[in-house]
Number of protein chains: 2
Amino acid sequence: MAVTILDVAKAAGVSVSTVSRALSSPEMVRPETRARVRAVADSLGYRPNLAARGLITGRTANLGLVVPDLTNPFFPSLLKGAQARAREADHAVFLADSQEDGAEEARLVAAMAKQVDGVVMCASRMDRPLLETVLGLVPIVFINRAVPGHPSVIMDNAGGMRQAVDHLAALGHRRIAYLNGPRSSWTNKERRKGLRRADRHGMEVTHLGPFAPRFESGQQAADLVIAAGVSAVVAYNDVMALGVLSRLAERGVPVPGRISVVGCDDIGFAAMATPALTTVDLRGERAGRAAVETLLDVLAAPEQSTPARTRAPLRPDLTATLIVRASTGPAA
Amino acid sequence: MAVTILDVAKAAGVSVSTVSRALSSPEMVRPETRARVRAVADSLGYRPNLAARGLITGRTANLGLVVPDLTNPFFPSLLKGAQARAREADHAVFLADSQEDGAEEARLVAAMAKQVDGVVMCASRMDRPLLETVLGLVPIVFINRAVPGHPSVIMDNAGGMRQAVDHLAALGHRRIAYLNGPRSSWTNKERRKGLRRADRHGMEVTHLGPFAPRFESGQQAADLVIAAGVSAVVAYNDVMALGVLSRLAERGVPVPGRISVVGCDDIGFAAMATPALTTVDLRGERAGRAAVETLLDVLAAPEQSTPARTRAPLRPDLTATLIVRASTGPAA
DNA sequence: CCCGGCGATGAAAAGGATTGCATTATTTGC
DNA sequence: GCAAATAATGCAATCCTTTTCATCGCCGGG
């Protein structure tokens with residue numbers, strides 16, 4: 001039923017080889033032939049059969065994206081960026097949700113391996129041995145996780161935290177708390193590095209957690225924060241920070257009057273909370289875009305791309321920005 | 001490099017046909033042969049090449065899912081259900097976000113058409129003429145939109161609204177407002193039908209909107225609600241309802257003391273708002289599951305499935321439930 | 001005038017699985 | 001115990017595209 005390359009070839013009076021080349025290797029065919037073939041293809045509504053192409057090229061034109069938790073609004077935004085970039089390159093994106101579980105991540109990658117050309121892996125929770133099991137299966141680009149010898153896109157976690165700390169210092173806070181994310185989170189380690197900026201200001205940082213990155217953890221943490229006697233708290237991410245706000249409100253603690261709260265990610269609801277949440281915009285959408293771009297590069301240039309570089313440099317377009325809103329104010 | 005069906009055939013001492021059948025048409029091969037072949041296939045780590053299979057069967061084992069807005073947390077939950085069901089059937093899911101735009105929906109479907117066996121289309125905004133352009137391209141199952149002659153999974157919109165109305169009536173509310181969703185939303189029409197239950201209670205319903213289904217619209221609507229002099233408001237969805245709560249808090253209007261607020265969808269943040277939002281749980285995850293299931297049925301039973309049934313019956317497992325939380329209380 | 005080389009095109013193989021048809025093995029019925 | 005039916009398996013065609021290799025014509029140089 002569908003129009004094949006043979007139909008086009010007949011209609012254009014050339015061989016199928018020429019049609020194939022006119023469409024995918026334009027420089028190999030004479031301009032007038034190319035134009036004629038393309039015109040015919042268009043008029044017939046020819047669409048190459050991706051299965052047939054994939055069979056011979058070994059490429060699927062599909063990419064995989066694994067995120068830890070889709071219900072955290074940060075990841076849909078990442079997805080959006082990834083999706084957009086993939087479409088520009090005529091690639092489709094498979095999405096999978098690992099539910100914050102490293103083993104599930106590994107299973108998902110294995111399941112996708114044969115159906116995609118490469119995978120973008122967000123905030124992977126896999127430990128080293130688990131990682132080893134998937135690294136050979138399919139090209140992988142990591143987001144927010146450095147894996148020696150493998151390409152990754154790193155958000156400006158530490159930089160964002162430094163801005164947050166500077167902001168709080170400028171507001172006169174001397175004692176602050178940090179709510180740690182999951183122990184297995186590479187991102188959490190990075191954010192802690194940024195927090196060391198507190199030393200420079202002579203601030204004291206109380207570490208709480210680790211916590212699962214959920215609203216409920218934030219609520220739970222809020223009471224600990226109050227007990228810790230700090231004047232400001234920085235949460236691993238916005239979802240937790242919103243939990244903190246909620247519980248503080250419940251206990252009648254004024255924000256930012258008595259405690260200032262800072263989140264991370266700038267999810268949509270951060271701006272919608274009361275008080276609106278001060279947070280770090282990590283440019284998730286751009287990161288998604290960048291990761292797909294990196295992956296496409298890797299796929300285009302096979303093998304030559306294993307610089308033993310342990311650490312990808314921070315892309316300038318991924319510089320974090322502190323978004324100051326109503327949840328932070330001068331120290332009491 | 002990869003192990004092919006031929007490798008398995010050789011190792012098992014049978015023909016490729018037998019291997020193929022042992023794996024995909026088990027009943028056609030003798031049990032002991034089947035067992036042997038499968039054992040060999042497993043030990044060799046054989047994975048059928050989907051491109052090759054697709055080439056001959058014409059199936060891709062991929063499904064498409066189009067949602068209007070991924071940043072509305074309702075859709076990720078739907079996606080989760082769809083994804084889970086698809087995986088059970090060894091299908092992958094392509095995700096696309098139409099940004100609430102009917103024309104973009106049509107473009108996305110056209111782009112996916114050749115790469116998927118079918119599409120699940122959520123809360124489609126397409127008008128009739130636009131619909132016509134995509135209906136023939138690929139099998140489509142609609143969620144929350146009835147299209148005569150086409151399969152759909154309908155959530156219990158009207159039923160949920162009736163429960164909301166009954167709830168408010170029981171609390172003594174006589175005058176309520178409804179915040180309409182987008183004009184092009186079929187769901188919105190259904191929800192209005194449910195609101196007619198108000199007549200039975202002798203309640204008066206003030207219609208406001210239409211609004212874009214966003215937080216900001218809720219904020220905007222809140223002032224109108226106050227001006228309308230009603231004691232309760234039902235919003236098109238939770239995101240809007242949260243906007244209402246936010247603005248009411250800003251204006252110092254007690255909830256539910258002076259105005260009760262009801263949302264719809266039961267997104268995660270509904271429970272996290274202060275006060276926690278009373279809302280209608282439409283079973284999004286199950287609906288996603290059901291839609292994929294329906295789609296798989298359609299694909300399995302070609303053509304016989306066009307009963308001129310205009311309206312799919314409500315599936316019992318999709319019955320809506322009103323979740324009563326702190327945002328509703330007795331009328332002032 | 002002929003030949004090497006180059007550019008454009010065509011012929012045909014390859015890629016891996018499914019499936020209709022042919023063939024062989026096994027059972028059933030009488 | 002044999003014919004016929006049936007079950008199990010093998011053979012080979014097929015799906016559609018890309019790509020290697022061969023062919024052809026033409027150009028420029030000798």
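The structure displayed is predicted, hence computed values, not measured ones. Note on naming: letters A, B, ... go to the chains in the order of the sequence lines (proteins, then strands), and numbering restarts at 1 for each one.
Rounded to whole Å, the distance from CZ on B/Arg53 to P on C/dT19 is 9 Å. Between B/Gln115 atom CD and D/dT17 atom C1' there is a gap of 16 Å when expressed in whole angstrom units. Between the P atom of C/dA8 and the CD atom of A/Glu32 lies a distance of 9 Å, rounded to the nearest Å. The distance from atom CZ of B/Arg21 to atom P of D/dT9 is 9 Å, rounded to the nearest whole Å. Distance, A/Leu23 CG to C/dT9 P: 13 Å, rounded to whole Å. To the nearest angstrom, C1' of C/dA13 lies 13 Å from CG of A/Leu55. Regarding A/Asp7, its CG atom lies at a distance of 9 Å from the P atom of D/dT17, rounded to whole Å. Rounded to an integer number of Å, the gap from NZ of B/Lys10 to C1' of C/dG16 is 13 Å.
For A/Thr4 against D/dC16, a side-chain-to-base donor-acceptor contact under 3.5 Å is absent. Under 3.5 Å, the side chain of A/Thr33 and the base of C/dA8 form no donor-acceptor pair of N or O atoms.
The two residues B/Ile5 and B/Tyr46 have their closest heavy-atom pair at N-CE1, 3.4 Å. B/Ala113 and B/Leu137 get closest at one heavy-atom pair: CB-CB, 4.2 Å.
Within a 6.0 Å radius of CZ in A/Arg38, other residues, nucleotides and ligands contribute more than 12 heavy atoms. Within a 6.0 Å sphere centred on NZ of B/Lys80, heavy atoms belonging to other residues, nucleotides or ligands number more than 12.
Residues A/Ser98 and A/Glu104 bring no donor and acceptor atom of their side chains to less than 3.5 Å of each other. Side-chain atoms of B/Gln115 and B/Thr60 form no donor-acceptor pair, as typed in the model, at a separation below 3.5 Å. Judged purely by distance below 3.5 Å, without hydrogens or angles, the side chains of A/Thr18 and A/Ser15 pair a donor atom with an acceptor atom.
Nearest to the side-chain atoms of A/Ala52 among the listed nucleotides C/dA14, C/dT18, D/dC16 stands D/dC16. Candidate nucleotides C/dT18, D/dC16, C/dG16 were compared by shortest atom distance to the side chain of B/Asn49, and C/dG16 ranks first.
Taking only side-chain nitrogens and oxygens, B/Ser17 never comes nearer than 4.0 Å to OP1 or OP2 of D/dC11. Distances shorter than 4.0 Å separate none of the side-chain N or O atoms of B/Arg30 from OP1 or OP2 on D/dA8. Phosphate contact (OP1/OP2 of D/dT9, side-chain N/O of B/Ser15, threshold under 4.0 Å): absent.
Heavy-atom distances under 4.0 Å link DNA chain D to no residue of residues 35-46 of chain B.
Each of B/Val16 and A/Thr57 was matched to the nucleotide of DNA chain D holding its nearest heavy atom; the match closer to the 5' end belongs to B/Val16. Of the residues near DNA chain D, A/Arg47 and B/Arg34, the one whose nearest nucleotide (by heavy atom distance) lies more toward the 5' end is B/Arg34.
The residue A/Val19 sits apart from the nucleic acid: no heavy atom pair falls under 4.0 Å. Within 4.0 Å of B/Thr18, counting heavy atoms only, lie sugar-phosphate atoms of the nucleic acid but no base atom.
A/Glu105 and A/Arg125 are not joined by a salt bridge, as no carboxylate oxygen comes within less than 4.0 angstrom of a charged side-chain nitrogen.
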